[in-house]
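What follows is a short report on a single structure.
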There are 2 protein chains.
Amino acid sequence: MDAIDQAIVRCVLRDARATYAQIGRAAGLSAPAAKRRLDRLVATGAIRGFTALVDPQALAWHTEAFVEVYCTGNPTPAELRRAMEDIPEVVEACTVSGAADAVVHMLARDITHLEQAIQRVRATAPVERTESAIVLSRLLNRPRL
Amino acid sequence: MDAIDQAIVRCVLRDARATYAQIGRAAGLSAPAAKRRLDRLVATGAIRGFTALVDPQALAWHTEAFVEVYCTGNPTPAELRRAMEDIPEVVEACTVSGAADAVVHMLARDITHLEQAIQRVRATAPVERTESAIVLSRLLNRPRL
DNA sequence: GCTGAAAGAGTGCGGCT
DNA sequence: AGCCGCACTCTTTCAGC
């Protein structure tokens, strides 16, 4: 992962549908060389995939929340992961420092749906209690540079 | 936004670099029809763009945090947005219900860099105090279906 | 949705470091 | 070896209809 790879990542972060010629121009490479580099970045796992940034409102996933999860005992990250991965409303989950054990980012169609999903989280084995912050408005959502 | 558009969104969410032929197949359309639909979804803002999912470790952005922001007075979302958008380490920011006024997702190279970035957030006008949860391990990160 | 010209993707080969 | 650029073929894009 050198400066050229970084330029490729920056370019693809900005527009995942860029052509290899565009990517190459951004990195000072020819199109075939850019393709080979990008393929390698995907193969090694540095790039995990390519997605669209969809306005959640656009398909009726209006309701979003950040949920702090407090656990009983000392669950391992792997246990927490297993608990979360079966709940499709969980978009993102991290273990964190501080009072809470994990922060879980959830997306649901509406409040009712969100409540049901949060209850599924609370029902998983090591969860003692949760503290939810429902998203009122999205201020910013940048691609991760 | 009908069932066909939804199929297109699902397809592009799974792989933003899919060809129009692939997208069309997923939606039961020809390639040119798929392109016209996708172009329209981008033009209307339902799709805001296309990015790569990059392993943050892969380029030394090891340190991540969720920061709860508590403000003085009643800042409008627009004011908060203006305060955050100049800080590149802020990846995501939302106003939320509950005690905190906003949740801010930040990404930095290391702890020192994160601390500096959090201090920049605290220095912006309406922020009274912040409460940070530093990410220890990332359990899950799903494309937003 | 189809067609045809133009652009891009993807692979093999030679050269350079 | 590793990596780039060039040249080639095949696929895809995209503006007509």
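Worth saying up front: this structure is predicted, and the values here are computed from it rather than measured. All chains are named by letter (A, B, ...) in the order of the sequence lines, taking the proteins before the strands, and each is independently numbered beginning at 1.
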* Expressed in angstrom and rounded to an integer, what is the separation of D2(A) atom CG from dG2(D) atom P? -> 15 Å

* Assign a letter to each nucleotide of nucleotides 4-16 of chain D from its 5' end: B, base within under 4.0 Å of a protein heavy atom; S, sugar-phosphate only; -, no contact. => SBBB----SSS-B

* Using a strict 4.0 Å threshold on nitrogen-to-oxygen distance, state whether R142(B) and E85(A) make a salt bridge. => no

* Pairs where residues 95-111 of chain A contributes a residue and the test salt bridge (Lys or Arg N to Asp or Glu O under 4.0 Å) is met, not counting sequence neighbours -> none

* Tell me, yes or no, whether the heavy-atom count around D2(B) atom CG, taken from other residues, nucleotides or ligands under 6.0 Å, exceeds 12. => yes

* To do: Flag yes if V67(B) and F66(A) sit in one hydrophobic cluster, no otherwise; membership is Ile, Leu, Val, Met, Phe, Trp, Tyr, and two members link when side-chain heavy atoms are under 4.5 Å apart.
  => no

* Structure fact -> Closest heavy-atom pair, A26(A) versus A7(A), reported as atoms and distance to 0.1 Å, is O-CB, 3.8 Å

